[in-house]
Amino acid sequence: MTPAISFEFYPPKTDEQRVQLDRTARKLKAWTPDFVSVTFGAGGSTLSYTPDVVRELRETHGFDSVPHLSCMGGTREEIRELLRLYRALGCTQLVALRGDLPSGMARMGDLRYAGDLVSFIRQEQGDHFRIHVGCYPEMHPQAEDALADLAHFKAKMDAGADAAITQYFYNADAYFHFVEQARRAGVDAPIIPGIMPISNFSQLKRFSDACGAEIPRWIGKRMAAFGDDADSIREFAADLVARMCERLVAGGAPELHFYTLNLAKPTEAVLSRLR
Ligand code: FAD
């Protein structure tokens, strides 16, 4: 099975993290991703890092690096400047998001939702960028309900997005159901599953509580049963995620987008298991 793949990185903040990302990028290059994306901290917390990492991944590693851009906390002028910078760097793709307001930060920004950002990008840059947006098979945690969330997703695609990448999940049926509902609502664009390989289970539980992704109870029980047996946990987690990827691709997923957390091993463990 050789589905098209992409990898997501976050901008390193320390020298140690920079070395780690460099090492990870070198290793993952062997898997010939279609593109790699670089996350963006809402409200400017990694504002100055994302463009640098996008440039580095392009120039040093030869990746088609794709910046994430979130509108939360930013002004129109700041976003306009970033769009110009990314265009000058040679970027032709973006991941456009609302972002989340870091705690303690009061400034909302000029654009309220990701859909407003997509419209703004089209207004400013026409069709230059291929725009990816986020979507949530298990519903965005702040949505009124799943139908309202789907309607907002459809409006975001209609504003000019070309493709969507999902929040991670461990239940393939949630993805298939979401894609079916989106198709019925008139969304034809590719919906790429976001895959989170499991490296640190307690960290994953914290992430999942915050972003509304569900870890099925049976997976938690199996993990707990392994206790401190790290090898068994790694084997089980990689098999589990690889089997889910196979189901997704067999069921029509157009590509796989891996949340790497800047680590090569957990993603490679999944990729090497794909049949
Ligand atoms: P939106 O599409 O704006 O939706 C946010 C909420 O508002 C949803 O509940 C939606 O139903 C509702 N909504 C949307 N439009 C309307 C409307 N017109 N009226 C009323 N309600 C509406 N965060 C970062 O900070 N940096 C990153 O780099 C980053 N990368 C991500 C990559 C992916 C693939 C994904 C899936 C998420 C990423 N996130 C990132 C997290 C994301 O910013 C959060 O999940 C955020 O809470 C929502 O962003 P969004 O773009 O989906 O928002």
Side-chain angles (χ1 to χ4, degrees), residues 5-13 35-47 49-51 53-54 65-74 79 82 86 91 93-103 105 107-121 130-169 174-175 178 181-182 185 187 189-196 207-213 253-262:
I5 53 174
S6 52
F7 299 128
E8 184 170 308
F9 301 128
Y10 67 85
K13 290 185 185 156
F35 66 87
V36 299
S37 75
V38 183
T39 62
F40 181 89
S45 51
T46 59
L47 197 73
Y49 301 105
T50 304
V53 179
V54 165
S65 56
V66 175
H68 292 211
L69 178 54
S70 65
C71 57
M72 183 67 88
I79 295 168
L82 271 178
Y86 289 136
C91 300
Q93 304 193 64
L94 292 171
V95 182
L97 302 142
R98 183 196 70 174
D100 292 308
L101 208 56
S103 56
M105 214 188 110
R107 194 174 72 151
M108 291 295 289
D110 289 347
L111 305 170
R112 185 152 184 199
Y113 295 109
D116 303 326
L117 176 61
V118 172
S119 302
F120 183 71
I121 297 169
R130 175 174 171 80
I131 304 177
H132 302 253
V133 290
C135 64
Y136 303 82
E138 296 177 326
M139 200 181 96
H140 184 266
Q142 290 157 3
E144 305 96 290
D145 58 51
L147 287 180
D149 205 27
L150 182 68
H152 296 143
F153 171 57
K154 159 87 168 117
K156 181 159 69 171
M157 299 308 296
D158 288 347
D162 298 293
I165 303 174
T166 75
Q167 181 59 278
Y168 69 86
F169 52 84
Y175 169 81
F178 179 78
Q181 295 299 304
V187 175
I191 299 177
I192 303 165
I195 307 296
M196 179 74 92
F207 274 178
S208 304
D209 286 345
C211 72
E255 291 170 37
L256 300 172
H257 180 76
F258 286 87
Y259 295 108
T260 69
L261 303 181
N262 292 5

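None of these values were measured; they are calculated from a predicted model. Remember, it's 1-based here, ligands and their atoms both numbered in the order they're listed. Quick note: numbers below take in every heavy atom, side chains included, and nothing from hydrogens, waters or symmetry partners.
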For this session: Measure the CG-CZ distance between Leu117 and Arg98 for me, rounded to the nearest 0.5 Å.
Result: 12.0 Å
Problem set entry | Check against side-chain contact (heavy atoms from CB on, under 4.5 Å), Cys211 and Tyr136 | CA-CA 10 Å; Cys211 72; Tyr136 303 82; over 6 Å; no
Problem set entry | Heavy-atom proximity to atom 5 (C) of ligand 1, best of His132, His152, Glu144, Arg98 | Arg98
Problem set entry | Gap separating the CD atom of Glu138 from the OH atom of Tyr168, nearest 0.5 angstrom | 9.5 Å
Exercise. How close do Pro137 and Ala174 get, heavy atom to heavy atom, and via which atoms?
Worked result: CB-O, 3.7 Å
For this session: Measure the distances from the heavy atoms of Val95 to every atom of ligand 1 and state whether one is below 4.0 angstrom.
Result: no
Problem set entry | Test side chain to side chain contact (heavy atoms under 4.5 Å, CB included) applied to Ala182 - qualifying residues, sequence neighbours left out | Leu150, Phe153, Val187, Ile191
Exercise. For ligand 1, is there an atom lying under 4.0 Å from some heavy atom of Tyr259?
Worked result: yes
Seminar exercise, completed: Under 4.0 Å from one or more heavy atoms of Ala143, ligand 1 contributes atoms 9 (O), 11 (O)
Exercise. With a 3.5 Å cut-off and no angle check, do the side chains of His68 and Ser37 form a donor-acceptor pair?
Worked result: yes
Problem set entry | Heteroatom proximity flag, His140 to ligand 1, N/O under 3.5 Å | yes
Exercise. For ligand 1, which atoms sit closer than 4.0 Å to a heavy atom of Ile165?
Worked result: 34 (C), 36 (C)
Problem set entry | Ligand-residue contact atoms, ligand 1 with Gln142, heavy atoms, under 4.0 Å | 9 (O)
Exercise. Are any of the N or O atoms of Asp149 closer than 3.5 Å to those of ligand 1?
Worked result: yes
Problem set entry | ligand 1 atoms in contact with Tyr136 (distance to a heavy atom under 4.0 Å) | 36 (C), 37 (C), 42 (C), 44 (C), 45 (O), 48 (C), 49 (O), 50 (P), 52 (O)
Exercise. What pairs with Tyr259 under ring-ring contact (aromatic ring centres under 6.0 Å, His included), at least two apart in sequence or on another chain?
Worked result: His257
Problem set entry | Any N/O pair Gly99/ligand 1 closer than 3.5 Å | yes
Problem set entry | Within-cut-off N or O pair, Gly115 and ligand 1, under 3.5 Å | no
Problem set entry | Spatial distance of atom CG (Asp110) from atom CG (Asp116) [nearest 0.5 Å] | 10.5 Å
Exercise. Out of Tyr113, Phe153, Phe40, who gets a non-hydrogen atom closest to atom 24 (C) of ligand 1?
Worked result: Phe40
Exercise. Can Phe9 and Val53 be said to form a side-chain contact (heavy atoms from CB on, under 4.5 Å), step by step?
Worked result: CA-CA 9 Å; Phe9 301 128; Val53 179; 5.6 Å; no
Problem set entry | Contact atoms of ligand 1, heavy-atom distance to Gln167 under 4.0 Å | 36 (C)
